[in-house]
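The figures here come from the full heavy-atom set of this structure, side chains too, leaving out hydrogens, waters and symmetry mates.
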Amino acid sequence: MVLLLSLSRDQRGPTSRPLGFYLLRAQGINGGQKARGPVTAASFLQAVVNTQSLWDEMLQNKGLTVIDVYQAWCGPCKAMQTLFRKLKNELNEDELLHFAVAEADNIVTLQPFRDKCEPVFLFSVYHEILFVDPDEDDGGEAPSESVDQLYCITIIKPDAVTSRKSQEIKQKIIKAGFVIEMEDKRLLTEQQVRDFYHRIADQPDFEEFVLFMTSGLSHILVVSQGNEEQPTLGETRPNPETEDEEIYEDHPAVVIPPGMKKKRDSLQEYLERQHISQFCDVEETVTNVNHFIDVFFPDFKNMKNLKLEKILALLWPALFQEKKEDVLKIIEDEGFKILMQRQIVLSKEEAQTLCKEYENEDYFGKLIEKMTSAPSLALVLVRDHGLQHWKELIGPSSVQKAKESVPESFCAQFAMEGLPINQLYGSDSLEAAEREIQYFFPPQSTLALLKPHLTQEQREEILKLIREAGFEITQMKEMLLNEEEVEKIYSKIKGKDFYQDVLEMLTEGPSLVMVLTRWNAVSDWRRLMGPVEPEEAKLLSPDSIRARFGRSILKNAVHGSSNTYEAMESINRIFEDFVPENPERNLKMERPILKFT
């Protein structure tokens, strides 16, 4: 059996490779089985690790650490001690080679190895060590930078989500040069909270903290370091508005030698300096990060290279009326998903704003007349690298230029009414796309309830359907509803003959209560739920939630508000601290003044 311990001096070189694990399951080494019994002083060669804190501390050892994982009922492998001692003596690398024994029973990270009978060895490699092929000729070039990426997990707490601080925190993280690779809002389970916060489990108020963390939605982020270079000596930050954020008030200026980059703060240090660390917690230990990525984002490896971008697209009236189906087919064939669409008659002011670049052309008046004469079609599109691909797809703004240089573009294919400009519009930037989507598709909130009879697996399936339909789950909490809370949600049927049956059904177990947000949320959620009677739903709307998960008219899986007024009334009763994204427009589907910059 080959171990990764046989290092010679020419096999090591500097690298930025992150901490990694190499797993070796050894069976019958030298005929040795795990010796039963606790670790004793005889194993002085190996550090004894029997708590999570000692485990985390051990992982900071520079170089290579070989870890013999054991359980209390079956002690560490004594057969390996002679080999470890021989290697240690031969290599004489006290700073770069370490041995340890770790008890799986008391260490959260080693939970997957509990109840195993075969010897298990882990190899922890700190980022200053690189394994290379000594026979490989690199032509004198420096080792290439590792493709591995350092990540951390950040949990934004329920109170910050409720008060809508998530966006502010995300913007600060991005502004500091970090990259948010993936994110999700979810209701953490008790076990997930205990695993993530195991380091503070011995604090007297931990149980109260667990209840708080499971009381509402948390916002979970996978954050990477990014590639932004840090300022060197003599460089100053040009933006005076952010200057206060970058100064340590309690410390004198640090002189950085010429040519040396300033070391970036860790994310935790940055959040503390920004005075927002109380709203979120960061896990940066690599093994724990990998574990929680698997828990929260099981598709992370497949999704992390995707850059899904939402943009706004507009089809001008003539194109919409005559060639809509042709355009939509090409859009879908190009890999775009249509999240939302609506017909909209542009006002004169809106048309003038959208076509401002043509205001000095002699056809400007005719253009505005055509654009306001009939409905346009507004679309929200999403795709990997969607912004750039849409720009390439629609082509230049000039029909003549498009026909000469990009004849396959939308601009060239769908020139209409003798107008010399593109009949399609697309966002110029992701920032503009966000503003434009908010303008043409103002968000609305509705109350949704997943009833007690659903299994956890069914809940997960329904939540997936909700996200795929373009809803944002703005608030969520699991509740064992009492009579008063049921009345808050079903106030308009309280006097009905069947109300008592509804009350009994909803109080028999916990329900999942949510605020769903998107454009036209109330009617779109009712459409996704389907008819009240599951058997009717199977006939009229077989893909609806009630058709798939409903058992009876009482146990029909889900509930939703009937109209915008009822939605806001119910939300305010159940989520007292809820702040709607657009409170002044949640009851009116009107558009604000158009301002594109």
Side-chain angles (χ1 to χ4, degrees), residues 306-347 350-358 361 363-364 366-430 432-433 436-437 439-441 468-470 518-520 523-524 527-528 543 591 594 596:
L306 293 178
K307 188 180 180 184
L308 296 177
E309 296 173 340
K310 286 195 293 188
I311 61 166
L312 179 92
L314 287 171
L315 279 63
W316 299 147
L319 179 59
F320 171 42
Q321 291 173 2
E322 299 179 28
K323 299 286 186 179
K324 170 191 171 185
E325 297 305 325
D326 296 338
V327 174
L328 294 185
K329 184 178 187 307
I330 296 174
I331 287 174
E332 292 181 350
D333 289 345
E334 289 293 327
F336 285 96
K337 180 179 179 181
I338 301 174
L339 291 181
M340 293 181 279
Q341 59 179 302
R342 68 180 298 201
Q343 298 181 35
I344 182 170
V345 178
L346 296 171
S347 69
E350 290 170 335
Q352 289 173 338
T353 302
L354 289 167
C355 298
K356 187 174 180 59
E357 62 180 300
Y358 310 114
E361 303 292 342
Y363 56 79
F364 185 68
K366 178 184 176 183
L367 173 62
I368 299 303
E369 182 183 346
K370 295 287 186 184
M371 289 180 62
T372 57
S373 62
S376 295
L377 181 65
L379 303 168
V380 177
L381 306 177
V382 64
R383 182 191 186 276
D384 180 31
H385 292 85
L387 179 68
Q388 184 59 36
H389 193 72
W390 180 251
K391 288 181 177 181
E392 294 170 356
L393 188 61
I394 64 175
S397 58
S398 165
V399 172
Q400 181 179 350
K401 184 177 179 181
K403 288 182 175 179
E404 291 173 354
S405 58
V406 199
E408 70 280 5
S409 67
F410 277 171
C411 183
Q413 289 186 63
F414 299 109
M416 305 188 73
E417 295 191 319
L419 290 173
I421 67 165
N422 204 329
Q423 295 289 296
L424 294 98
Y425 171 84
S427 304
D428 287 333
S429 66
L430 293 178
E436 294 163 1
I437 291 170
Y439 178 82
F440 286 107
F441 296 89
E468 288 176 349
R518 60 159 279 166
W519 174 74
N520 213 24
S523 60
D524 283 356
R527 187 179 301 113
L528 183 60
D543 294 328
R591 301 193 300 277
L594 180 63
F596 293 162

Quick check: closest heavy atoms across [X] and [Y], and the distance to 0.1 Å?
X: Phe440; Y: Arg342; answer: O-NH1, 2.6 Å
X: Leu387; Y: Ser429; answer: CD2-CA, 3.7 Å
X: Ile344; Y: Ala378; answer: CG2-CB, 4.3 Å
X: Gly386; Y: Ile311; answer: O-CD1, 4.1 Å
X: Pro396; Y: Asn422; answer: O-ND2, 3.3 Å
X: Pro317; Y: Ala374; answer: CG-O, 3.3 Å

[X]: salt bridge (charged side-chain N to carboxylate O under 4.0 Å, His left out) partners, not counting sequence neighbours:
X: Arg383; answer: none
X: Lys307; answer: Glu309
X: Lys370; answer: Glu417

- Could you tell me whether a side-chain N or O of Ser427 sits under 3.5 Å from a main-chain N or O of Leu312, the two making a donor and an acceptor? yes
- Item | Arg518 side chain vs Asp524 backbone, donor-acceptor pair below 3.5 Å | no
- Exactly one of Leu346, Leu314, Leu419 clears side-chain contact (heavy atoms from CB on, under 4.5 Å) with Met371, and that residue is Leu346
- Look at the rings of Phe410 and Trp390 and say which category their plane angle falls in: under 30° parallel, 30 to 60° tilted, over 60° perpendicular. perpendicular
- Message: For the CG atom of Leu381 and the CD atom of Gln341, what is their distance to the nearest 0.5 Å?
- Response: 9.5 Å
- Query: When rounded to the nearest 0.5 angstrom, what is the spacing between CD in Gln321 and OG in Ser376?
  - Reply: 9.0 Å
Report yes if the side chains of [X] and [Y] come closer than 4.5 Å at any heavy-atom pair, otherwise no.
X: Trp316; Y: Met416; result: no
X: Cys411; Y: Val399; result: yes
X: Tyr358; Y: Ile368; result: no
X: Val327; Y: Leu424; result: yes

Can I get a per-line list of side-chain donor-acceptor pairs under 3.5 Å for residues 328-340, giving both atom names and the distance, sequence neighbours left out?
unit_1, atom_1, unit_2, atom_2, d
Lys329, NZ, Asp333, OD2, 2.9
Glu334, OE1, His389, NE2, 2.8
Lys337, NZ, Glu468, O, 3.1

- Those residues that, when tested against Ser373, pass side chain to side chain contact (heavy atoms under 4.5 Å, CB included) (two or more places apart): none
- Task: Answer yes or no: does atom NZ of Lys323 have more than 12 heavy-atom neighbours from other residues, nucleotides or ligands under 6.0 Å?
- Result: no
- Query: Above 12 or not: heavy atoms from other molecules or residues under 6.0 Å from CD of Glu392?
  - Reply: yes
- Step by step, would you call Gln352 with Phe364 a side-chain contact (heavy atoms from CB on, under 4.5 Å)? CA-CA 9 Å; Gln352 289 173 338; Phe364 185 68; 4.1 Å; yes
- Which residue pairs pass the side-chain hydrogen bond (donor to acceptor under 3.5 Å, both in side chains) test when at least one of the two sits in residues 403-414, sequence neighbours left out? Gln400-Glu404
